[in-house]
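Some notes on the structure that comes next.
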Amino acid sequence: MSGEIGGALAARVGWCRPDEAIRLVVRCSRVGIRYDVGGLSWEGGSRGGAVREGIERFGVAVADVVSGGDDSGATPPRVVYFGQSPQARIVRALEASCKPDTELMWVLTTHRLGLLEVLAPEVDEDSGGSLWSKARKFGAGVKDFSRDVADIFQGKQLGEFAADTPIPVREVTAHVEFPAQLVRSVAATKRKLPSDYRPRKVFPLRIELDDGSGLEVIAQTEEAVARLQAMAFGRA
């Protein structure tokens with residue numbers, strides 16, 4: 001139905017366990033993800049040699065989207081995967097079978113790190129779209145996550161729903177999950193992007209798995225990455 005809420009609330013309802021607290025939600029799409037993985041190109045294609053089944057096909061699909069004019073020439077990516085080779089744990093996330101414009105979100109909790117797909121809602125053409133336009137903004141960026149949660153508890157996001165009606169939330173499905181014991185570290189770092197990006201110098205939150213691979217959530221200021229780090233450790 002139109003008007004279903006996604007983002008952190010969808011993850012809370014459709015994926016989290018009762019005793020599991022969400023620390024960080026990072027929404028992205030496949031074309032907003034880049035790769036600093038040995039043997040793979042920046043867009044995720046293979047660079048010769050043996051790669052996991054499906055990687056090359058994935059890389060071609062991403063390259064097609066890039067050549068069609070996405071924002072890679074100017075805006076920094078939302079997420080960068082890193083690792084020594086295509087056999088790294090994080091490449092499991094690269095292999096997730098979904099369309100380039102599929103709505104994805106990385107969710108870090110007290111129990112695990114997961115890559116979720118937010119399933120497309122059924123559209124009610126008679127609904128006008130006003131409520132859905134507001135709902136889809138919920139959790140849209142990591143910088144707004146804590147504010148969105150506060151708005152929910154204050155009723156600001158849910159004011160148009162009747163008090164005696166269950167809140168409709170989008171369905172989610174998990175593509176990849178890493179238990180907390182596989183997360184080696186979460187720390188702020190720095191990265192210099194390729195020359196066609198502006199800005200080139202960014203400040204990622206680096207989430208590293210036990211095999212040395214992982215993902216970086218890109219922030220453009222040191223203040224922003226400090227905020228992300230505080231959220232990841234439950235201090236914000």
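Checked against Leu113 for a side chain to side chain contact (heavy atoms under 4.5 Å, CB included), the options Val186, Leu24, Ile207 give a single hit: Ile207.
Two residues are said to be in side-chain contact when any heavy atoms from C-beta on lie closer than 4.5 Å; Phe203 and Glu223 fail this criterion. The closest side-chain heavy-atom distance from Pro204 to Thr189 is below 4.5 Å. Annotation: side chain of Glu117 is in contact with side chain of Leu119 (closest heavy-atom distance under 4.5 Å). Within the 4.5 Å cutoff, the side chain of Ile22 has no heavy atoms near those of the Trp15 side chain. Counting heavy atoms from C-beta on, the side chains of Thr110 and Arg23 come closer than 4.5 Å. Inter-residue side-chain proximity for His111 and Asp19 is flagged as met; some heavy-atom pair is nearer than 4.5 Å. A 4.5 Å side-chain heavy-atom check between Phe233 and Leu108 finds every atom pair outside the cut-off. The closest side-chain heavy-atom distance from Asp36 to Arg191 is below 4.5 Å.
In the hydrophobic clustering of ILVMFWY residues, with side-chain heavy atoms under 4.5 Å counting as a link, Phe82 and Ile90 come out apart. Side-chain heavy atoms closer than 4.5 Å link hydrophobic residues (I, L, V, M, F, W, Y) into clusters, and following such links, possibly through other members, connects Trp42 to Val202. Linking ILVMFWY side-chain heavy atoms closer than 4.5 Å, directly or via other members, places Tyr81 and Val91 in a single hydrophobic cluster.
Checked against side chain to side chain contact (heavy atoms under 4.5 Å, CB included), Asp211 has the following partners two or more places apart in sequence or in another chain: Ala88, Arg89, Leu209, Ser213.
Pairing each heavy atom of Ala232 with each of Leu205, the nearest pair is CB-CD2, 4.2 Å. Nearest approach of Pro199 to Gln220, heavy atoms of both residues: CD-OE1, 3.5 Å. Between Arg170 and Ala120, the shortest heavy-atom contact is NH2-CA, 4.0 Å. Taking both residues in full, the closest heavy atoms of Leu40 and Ser46 are given as CD2-CA, 4.0 Å, listed atom of the first, atom of the second, then distance. Smallest separation of non-hydrogen atoms from Ala8 and Val25: CB-CG2, 4.0 Å. Nearest heavy atom pair, residue Leu116 against residue Ala11, reads CD1-CB, 3.9 Å.
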**Message:** Using the rule given for side chain to side chain contact (heavy atoms under 4.5 Å, CB included), can you reason through Arg27 versus Val118, listing the C-alpha separation, both sets of side-chain angles and the distance that settles it, and then say yes or no?
**Reply:** CA-CA 10 Å; Arg27 286 177 58 176; Val118 184; 5.8 Å; no

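For the pair Arg78 and Trp106, the cation does not sit on the ring face, since its NZ or CZ is not both under 6.0 Å from the ring centre and inside 45° of the axis.
Atom CD of Glu222 is separated from atom CD of Gln229 by 12.0 Å, given to the nearest 0.5 angstrom. Note that CG of Leu9 and CZ of Arg12 are 9.5 Å apart. Values are rounded to the nearest 0.5 Å. To the nearest 0.5 Å, atom CD of residue Glu177 and atom CG of residue Leu115 are 10.0 Å apart. Between the NE2 atom in His175 and the CZ atom in Arg92 there is a gap of 12.5 Å [rounded to 0.5 Å]. The CG atom of Asp210 lies 9.5 Å from the CD atom of Gln181; values are rounded to the nearest 0.5 Å. Residue Arg34 holds its CZ atom at 15.0 Å from CG of Leu215, rounded to the nearest 0.5 Å.
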